[in-house]
S.K.: 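Have a look at the structure that comes next, please.
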Amino acid sequence: MIQLSQKIAANVIQPRKSQSYKGTYGRVLIIGGNANLGGAVIMNAQAAVQSGAGLVTVATDFSNKTAIHARLPEAMVVDYHDHLADYIQKADVVLIGSGLGEEVDILKTCLKAVQENQIVIIDGSAITMMAEHNLDLPKAQVVLTPHQMEWQRLGEVAIADQSREDNNWEALVSFHPEPILVLKSNATQVYLEHELYQLSVGGPYQATGGMGDTLAGMIAGFTAQFHPLGPAVLSAVYCHSAIAAELSKSAYVTLPSKIAEAIPAYMNKLADMPLSATGLDEEQEE
Ligand SMILES: NC(=O)C1=CN([C@@H]2O[C@H](COP(=O)(O)OP(=O)(O)OC[C@H]3O[C@@H](n4cnc5c(N)ncnc54)[C@H](O)[C@@H]3O)[C@@H](O)[C@H]2O)[C@@H](O)CC1
Ligand SMILES: Nc1ncnc2c1ncn2[C@@H]1O[C@H](COP(=O)(O)OP(=O)(O)O)[C@@H](O)[C@H]1O
Ligand SMILES: [Mg+2]
């Protein structure tokens, strides 16, 4: 097991090159937010934009359009009932599921449309529906972001048994292609290429609705611009909780939208950090 540390996170975040433009930093398509759960995609999108994704589009129930535009003018908005496969085709990263409710046709359209070279982050309601409807993972680079109950549903590992690493690996190898698993709890773990990473920042000030939606948006934003995929996921997971930990010094509860607002400053800090401060000049493994 490897401790998920600031140096792993900082290693991923590089100063931006002057010869770049928005296309350099990736196109993210967020699919989610039914008529009642539009807030989830607002939190996804806010986190993706603040993480530095080059272009962010939200495909959602169209009743959410005005709210998204009002909260986040940087994001584009489309109706997820129209031409969804075309929008998917143009994306580098697709994040599906936060606040998607029971819109299983939208999920099926997405699973069918994504291509092998695309990154697909599957969160929230999409995980629950994949379990309920027995749907296969798409042939793409998949990141699963379940909380413990969602993993119990999809991975069929009872919450009580998830504390044993073996049980989670055993469930993971039954998926094809083998996804990256971000198993969220008060002690979040990342299962990535035969290695288990343990998060040890963060705390109960994060136990509030929308916290996972914000994390999923950060993973989308990080994976759109930083490559390869695995370290970008690890960096997003670390930064999300490290920002919450910083905010908790002066806040009883750390709201998801406040975390999103703090992302650029935190990334700047890690991008500017001298190697000696992050320990990057030392061995990576702990
Ligand atoms: N403002 C919004 O629009 C919000 C929308 N949300 C969306 O609502 C949908 C339903 O998600 P929920 O997670 O609320 O509902 P779920 O029914 O999927 O999961 C909640 C259930 O899991 C149990 N559970 C066990 N261990 C848990 C753990 N470690 N973390 C969380 N729950 C645990 C809870 O007790 C509860 O019974 C998702 O698509 C989600 O993205 C939520 O993110 C809340 C905010
Ligand atoms: N007690 C806690 N300590 C640390 N992190 C927590 C705690 N409770 C929740 N979190 C974090 O908050 C997030 C919750 O995700 P999730 O349940 O999907 O929220 P939502 O779907 O409401 O956005 C996860 O990243 C989880 O690790
Ligand atoms: Mg969630």
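All figures in this text were calculated on a predicted structure; none of them were measured in a lab. Whatever order the structure lists ligands and atoms in, that order sets their numbers, starting from 1.
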S.K.: Under 4.0 Å from atom 26 (N) of ligand 1, is there at least one protein heavy atom?
M.R.: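 Given the 4.0 Å limit, the answer for atom 26 (N) of ligand 1 is yes, a protein heavy atom qualifies.
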S.K.: Side-chain donor-acceptor pairs under 3.5 Å in residues 56-73, sequence neighbours left out?
M.R.:
residue : atom : partner : partner atom : Å
T60     : OG1  : G32     : O            : 2.8
T60     : OG1  : G33     : O            : 2.8
T60     : OG1  : N64     : ND2          : 2.9
D61     : OD1  : S63     : N            : 3.0
D61     : OD1  : S63     : OG           : 2.5
N64     : ND2  : G33     : O            : 3.0
N64     : ND2  : N34     : O            : 3.3
N64     : ND2  : D61     : O            : 3.3

S.K.: Please list the nearest protein heavy atom to atom 40 (C) of ligand 1 with its residue and the distance rounded to 0.1 Å.
M.R.: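 Result: G99 N, 3.7 Å.
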S.K.: Among all protein heavy atoms, pick the one closest to atom 12 (P) of ligand 1 and tell me residue, atom and distance.
M.R.: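 Closest protein heavy atom to atom 12 (P) of ligand 1: H147 NE2, 4.1 Å.
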S.K.: Which residue and atom name correspond to the protein heavy atom nearest atom 38 (C) of ligand 1, and how close is it?
M.R.: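 Nearest protein contact, heavy atoms only, for atom 38 (C) of ligand 1 is S125 OG, 3.5 Å.
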S.K.: Which donor-acceptor pairs under 3.5 Å do side chains of residues 74-82 form with protein atoms, sequence neighbours excluded?
M.R.:
residue : atom : partner : partner atom : Å
D79     : OD1  : H81     : N            : 2.9
D79     : OD1  : H81     : ND1          : 3.2

S.K.: Which one of R153, M149, M211 has a non-hydrogen atom at the shortest distance from atom 17 (O) of ligand 1?
M.R.: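 Selected option, by shortest heavy-atom distance: R153.
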S.K.: Who's the nearest protein heavy-atom neighbour of atom 42 (C) of ligand 1, and how far?
M.R.: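 Protein heavy atom at minimum distance: D213 OD2, 3.9 Å.
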S.K.: Record the part of N186 in heavy-atom contact with ligand 1 below 4.0 Å; permitted values are side chain, backbone, both and neither.
M.R.: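 Within the 4.0 Å criterion, N186 makes no contact with ligand 1.
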S.K.: Do you see a protein non-hydrogen atom under 4.0 Å from atom 14 (O) of ligand 1?
M.R.: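 No, there is none.
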S.K.: Would you list the pairs meeting ring-ring contact (aromatic ring centres under 6.0 Å, His included) in which at least one residue belongs to residues 138-184, sequence neighbours left out?
M.R.: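 Matches after skipping sequence neighbours: W169-Y191.
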S.K.: Where is the nearest protein heavy atom to atom 5 (C) of ligand 1: which residue, which atom, and how far?
M.R.: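 That would be A40 CB, 3.7 Å.
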S.K.: Taking non-hydrogen atoms within less than 4.0 Å of ligand 2, which protein residues qualify?
M.R.: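 Close residues (ligand 2, cut-off 4.0 Å): H147, K184, S185, N186, T188, G203, P204, Q206, A207, G209, G210, M211, G212, D213, L215, H240.
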S.K.: Does the protein put a heavy atom less than 4.0 Å from atom 7 (C) of ligand 1?
M.R.: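 Protein heavy atom within 4.0 Å of atom 7 (C) of ligand 1: present.
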S.K.: Is ligand 1 less than 4.0 angstrom away from at least one heavy atom of Q152?
M.R.: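 No, Q152 has no heavy atoms under 4.0 Å from ligand 1.
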